[in-house]
Enquirer: 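I have a structure I would like to understand better, so I am pasting it below and will then ask my questions one at a time.
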Amino acid sequence: MISATTLSPPPTHLPSLPQTPPLSLIKTCKSMAQLKQIHSQTICTGLISNPIVPAQIIAFCCKHELGDMEYARMVFDTMPGPNHFVWNNMIKGYSRVGCPNSAVSMYCEMLERGVMPDEYTYPFLLKRFTRDTAVKCGRELHDHIVKLGFSSNVFVQNALIHLYSLSGEVSVARGVFDRSSKGDVVTWNVMISGYNRSKQFDESMKLFDEMERMRVLPSSITLVSVLSACSKLKDLNVGKRVHRYVKDLKIEPVRVLENALIDMYAACGDMDTALGIFDNMKSRDVISWTAIVTGFTNLGQVGLARNYFDKMPERDFVSWTAMIDGYLQVNRFKEVLSLFREMQAANIKPDEFTMVSILTACAHLGALELGEWIKAYIDKNEIKIDSFVGNALIDMYFNCGNVEKAIRIFNAMPHRDKISWTAVIFGLAINGYGEEALDMFSQMLKASITPDEVTCIGVLCACTHSGMVDKGKKFFARMTTQHGIEPNVAHYGCMVDLLGRAGHLKEAHEVIKNMPVKPNSIVWGSLLGACRVHRDEEMAEMAAQQILELEPENGAVYVLLCNIYAACNRWEKLHEVRKLMMDRGIKKTPGCSLIEMNGSVHEFVAGDQVHPQSKEIYSKLDEMSVDLKFAGYSPDTSEVFLDIGEEEKESAVYRHSEKLAIAFGLISSGPGVTIRIVKNLRMCVDCHYVAKLVSKVYNREVIVRDRTRFHHFRHGSCSCKDYW
DNA sequence: ATAGGGTTAG
């Protein structure tokens, strides 16, 4: 509502009004304050009764950058019979301020009051539609347009193409396009951006070619859209062609176009050209900088990306997310989390893209507390849980060992896609719920979701981790016939794992010998792992040799071989391998355990002394040793392959990183709190034994995620059933 | 008296 003060007389510094015709004044008017003064003058002089005057006042409010739609509506309501110029302007105004629903209401009112829309009405009305309004009103408005005979107007056609591509009906949009005259470059632009919107970039490219054939000259906007498609398709050839267009047609390289060029070159990995354009720009905005940052992150060059990120004059949530995602791509999870903290300190609001990156990092680190915090943040800020966020949450919970919450997210998701189902099958499998994983798979089939290669790996993985050899074999045999999926090297690897872990080493070897694809080091690695569990040194030697032929630098193979020789008491052979390792300069990957406590991740390596609470940790360890021995513990050093005495071996396993992490967990959390640890390698037998006893003696649940699976220790036993 | 199209991240 208008207040009395708004209609007060103009301040003295403005020219006096009555002498000047109000229409020309409105044309040069700069602000709402000025407009209100002009308005009040026209009321005083009675000029307002000329309908052109309120119409112009309304037009100002509807068109001007600073125009106020409430004021427009107030003036509008004083008009007895507004004509369609006025109605059109009101509709345009509501669209301009991003209120498509108000624009639609205005349009409906117009019809109710018997004023016929004209060909200007529809472009105004449709301009700022959202997906929702487009879905809701699109068809009906199209009907009106046809009935009123405006469907041959090119502006209306363009608006319709825009409308249908917004509502996701690109093929209907294409129908309108095909029936249009195609002489107008904007028609092409709208159609191309429609294809981009629905990620049909190849169609965008085809239209660009066809445009050339039909000799429609592209505008800089066409080129921006086509460059965007090139960048998504990583099509450097067409991208360069567009660049040549810009030069040949002497199209002014405005910033948006330069940004699109940078993005295209960066996406195609040509950073030299991208930087060449970037360096020569007159002015750069946040998009120019972000395009360079993502260019480097896509190449895995996070250091360079970070240099540019740090130099940015301003950063928005996209830039932060791009940089965060860069660290994620190269598995630098701790940097992901610390950059996220910086982002929060800078008061930049994350969106669902950011959330996915952070959750993925939490999943890798097993950082449940931070993951839970993110979940709470998502709920509190009403960030929508789309399938990307949902799947990331499922992954996070499973990878932190919280099966129950993972399932809860899955059950609450409105749209579960193939990825969601696959995530659940995998999650159940690695957490020791093999039967449940297979049950999920049947439910997935019942829900008519088609499994893919990855889903099949999940199913086989479930069988492996729960020792369901027959079910695994049956599934494998039916993969092609029932699900139409040809087994690839990863599936054969699963079969080797399945048979090998169950002790069928010969059969596993047969699978390798008979597989139609060349076995890779992972397949042989599965066999080698099985040889360790079942202490078959001969087969192990053969498998190790195969791997070393493929990957001579694979340190893990030497270590595994050492473990096996140690367990089989083959000391001479052990020495040979040890010497080979020394000669070839191969080092063992140090074992490392992560534990999250009060929101930060603590990292331990064997014999760690750098933790600030080191003293307390070691005295807790001594205390544990006494308590556990009382419960029957004696150290198992069978896998230690260092050439040292028994006592030293005991002291070596005593200082393993997961034991330090457990001790730290015990002293830094209250009774009954679950201790969650992530280990980068496989757990050793002694640590596995200790964890079982800890869960019994201290009545604590201990969850250890190792390289391939979870160990849930409860009441003295483990979910892996000592089978890992 | 009034019209339309574009760039960055999973």
Side-chain angles (χ1 to χ4, degrees), chain A residues 23 26-27 51-52 55-56 58-60 62-63 83-93 95 117-128 150 153-163 165 180 184-194 196-197 204 218-232 254-264 266-267 284-295 297-298 312 315-326 328-329 350-360 386-392 419:
Chain A
L23 290 184
I26 293 172
K27 275 202 185 98
I52 292 177
Q56 286 301 332
I58 289 169
F60 178 91
C62 295
K63 279 194 290 200
N83 62 12
H84 47 303
F85 173 76
V86 177
W87 284 101
N88 285 350
N89 266 304
M90 286 300 289
I91 290 169
K92 178 195 179 115
S95 292
D118 62 8
E119 64 269 38
Y120 288 85
T121 312
Y122 294 96
F124 288 151
L125 176 61
L126 301 177
K127 185 177 165 59
R128 291 290 295 269
F150 299 135
N153 177 292
V154 63
F155 289 91
V156 176
Q157 287 171 342
N158 296 346
L160 277 173
I161 296 169
H162 171 70
L163 172 81
S165 56
S180 76
D184 179 13
V185 65
V186 179
T187 311
W188 293 83
N189 292 349
V190 187
M191 196 61 235
I192 291 176
S193 73
N196 279 356
R197 196 191 305 277
S204 303
S219 67
S220 71
I221 288 169
T222 324
L223 301 182
V224 168
S225 298
V226 173
L227 283 168
S228 170
C230 291
S231 136
K232 298 289 175 347
V254 288
R255 190 166 60 200
V256 181
L257 184 51
E258 287 178 310
N259 286 349
L261 281 167
I262 292 173
D263 175 58
M264 183 278 295
R284 304 168 192 97
D285 63 8
V286 67
I287 294 177
S288 334
W289 285 91
T290 308
I292 295 291
V293 170
T294 49
T297 60
N298 284 339
M312 288 177 75
R315 308 177 191 95
D316 64 4
F317 67 101
V318 180
S319 344
W320 282 95
T321 307
M323 193 62 236
I324 286 173
D325 195 56
L328 187 64
Q329 296 307 321
D351 72 345
E352 62 265 32
F353 277 64
T354 328
M355 293 303 156
V356 170
S357 298
I358 307 297
L359 287 169
T360 309
D386 61 14
S387 52
F388 285 108
V389 175
N391 296 343
I419 313 280

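The sequence lines fix the lettering, A, B, ..., with proteins before strands; numbering per chain opens at 1.
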Enquirer: With heavy atoms under 4.0 Å as the rule, sort A:Q56 into base, sugar-phosphate or nothing.
Expert: base
Enquirer: For a quick check of understanding: with a heavy-atom distance under 4.0 Å over all strands, which category does A:D386 fall into, base, sugar-phosphate or nothing?
Expert: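 If one applies the 4.0 Å heavy-atom cut-off, A:D386 turns out to touch a base.
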Enquirer: Between B:dG5, B:dT8, B:dG10, which nucleotide gets closest to the side-chain atoms of A:K232?
Expert: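 The nucleotide sitting nearest to the side chain is B:dT8.
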Enquirer: Taking ring-ring contact (aromatic ring centres under 6.0 Å, His included) as the test, write out the residues that go with A:F60, two or more places apart.
Expert: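 ring-ring contact (aromatic ring centres under 6.0 Å, His included) list for A:F60, sorted by chain: A:H64.
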Enquirer: Is the phosphate of B:dG6 approached by A:S193 (side-chain N or O, under 4.0 Å from OP1 or OP2)?
Expert: yes
Enquirer: Which is true for A:E119 with a 4.0 Å heavy-atom rule: it touches a base, it touches only sugar-phosphate, or it touches nothing?
Expert: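 Base contact.
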Enquirer: A:T297 and A:D325: side-chain donor and acceptor closer than 3.5 Å?
Expert: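 No donor-acceptor contact under 3.5 Å links the two side chains.
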Enquirer: Output the single nucleotide from B:dT7, B:dG5, B:dG6 whose closest atom is nearest the side chain of A:V254.
Expert: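 Closest nucleotide to the A:V254 side chain: B:dG6.
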Enquirer: Among B:dG5, B:dT2, B:dA1, which nucleotide sits nearest the side chain of A:K63?
Expert: B:dT2
Enquirer: Within the 4.0 Å heavy-atom criterion, would you say A:V286 contacts the bases, only the backbone, or no part of the nucleic acid?
Expert: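 Since no nucleic acid heavy atom lies under 4.0 Å of A:V286, the category is nothing.
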Enquirer: It should be established whether A:K127 places a side-chain nitrogen or oxygen under 4.0 Å from OP1 or OP2 of nucleotide B:dT2.
Expert: no
Enquirer: Report the nucleotide, chosen from B:dT7, B:dG10, B:dA9, that has the shortest atom-to-atom distance to any side-chain atom of A:V318.
Expert: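 Given the options B:dT7, B:dG10, B:dA9, the side chain of A:V318 is closest to B:dA9.
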Enquirer: Looking at the side chain of A:V186, which of B:dG5, B:dT2, B:dG10 is the nearest nucleotide?
Expert: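 The listed nucleotide nearest to A:V186's side chain is B:dG5.
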Enquirer: So, does the side chain of A:S219 form a donor-acceptor pair with the base of B:dG5 at under 3.5 Å?
Expert: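 Flag set: donor-acceptor pair detected.
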Enquirer: May I ask you to check whether A:T187 and A:S180 show a side-chain donor-acceptor distance below 3.5 Å?
Expert: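 Side chains of A:T187 and A:S180: no pair found under 3.5 Å.
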Enquirer: Just to be sure I understand the rule, does A:N391 reach a base, reach only the sugar-phosphate, or reach nothing, if contact means heavy atoms closer than 4.0 Å?
Expert: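 If one applies the 4.0 Å heavy-atom cut-off, A:N391 turns out to touch nothing in the nucleic acid.
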Enquirer: Which nucleotide wins on minimum distance to the side chain of A:V356, given the candidates B:dG6, B:dG10, B:dA9?
Expert: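 My answer, after comparing the listed nucleotides, is B:dG10.
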Enquirer: Choosing from B:dG10, B:dT7, B:dG5, which nucleotide comes nearest the side chain of A:N189?
Expert: B:dG5
Enquirer: Under 4.0 Å between any heavy atoms, over every strand shown, what does A:D325 touch: base, sugar-phosphate, or nothing? Just pick one.
Expert: sugar-phosphate
Enquirer: I want to check one thing: is the phosphate of B:dT8, taken as OP1 and OP2, less than 4.0 Å away from some side-chain N or O of A:S319?
Expert: no
Enquirer: Side chain of A:R197 only, heavy atoms from C-beta on: which candidate in B:dG5, B:dG6, B:dA9 is closest?
Expert: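 Shortest atom-to-atom distance from the side chain points to B:dG6.
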Enquirer: Would you please say whether a donor-acceptor pair under 3.5 Å links the side chains of A:S319 and A:D316?
Expert: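 Checked: A:S319/A:D316 side chains pair up, N/O donor to acceptor below 3.5 Å.
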Enquirer: In chain order, what residues pass the side chain to side chain contact (heavy atoms under 4.5 Å, CB included) check against A:R284, with sequence neighbours excluded?
Expert: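 Applying side chain to side chain contact (heavy atoms under 4.5 Å, CB included) to A:R284 gives A:F278, A:M281, A:S288, A:W289.
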Enquirer: Can you figure out which of B:dG6, B:dG10, B:dA9 approaches the side chain of A:T294 most closely?
Expert: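 Closest nucleotide among those given: B:dA9.
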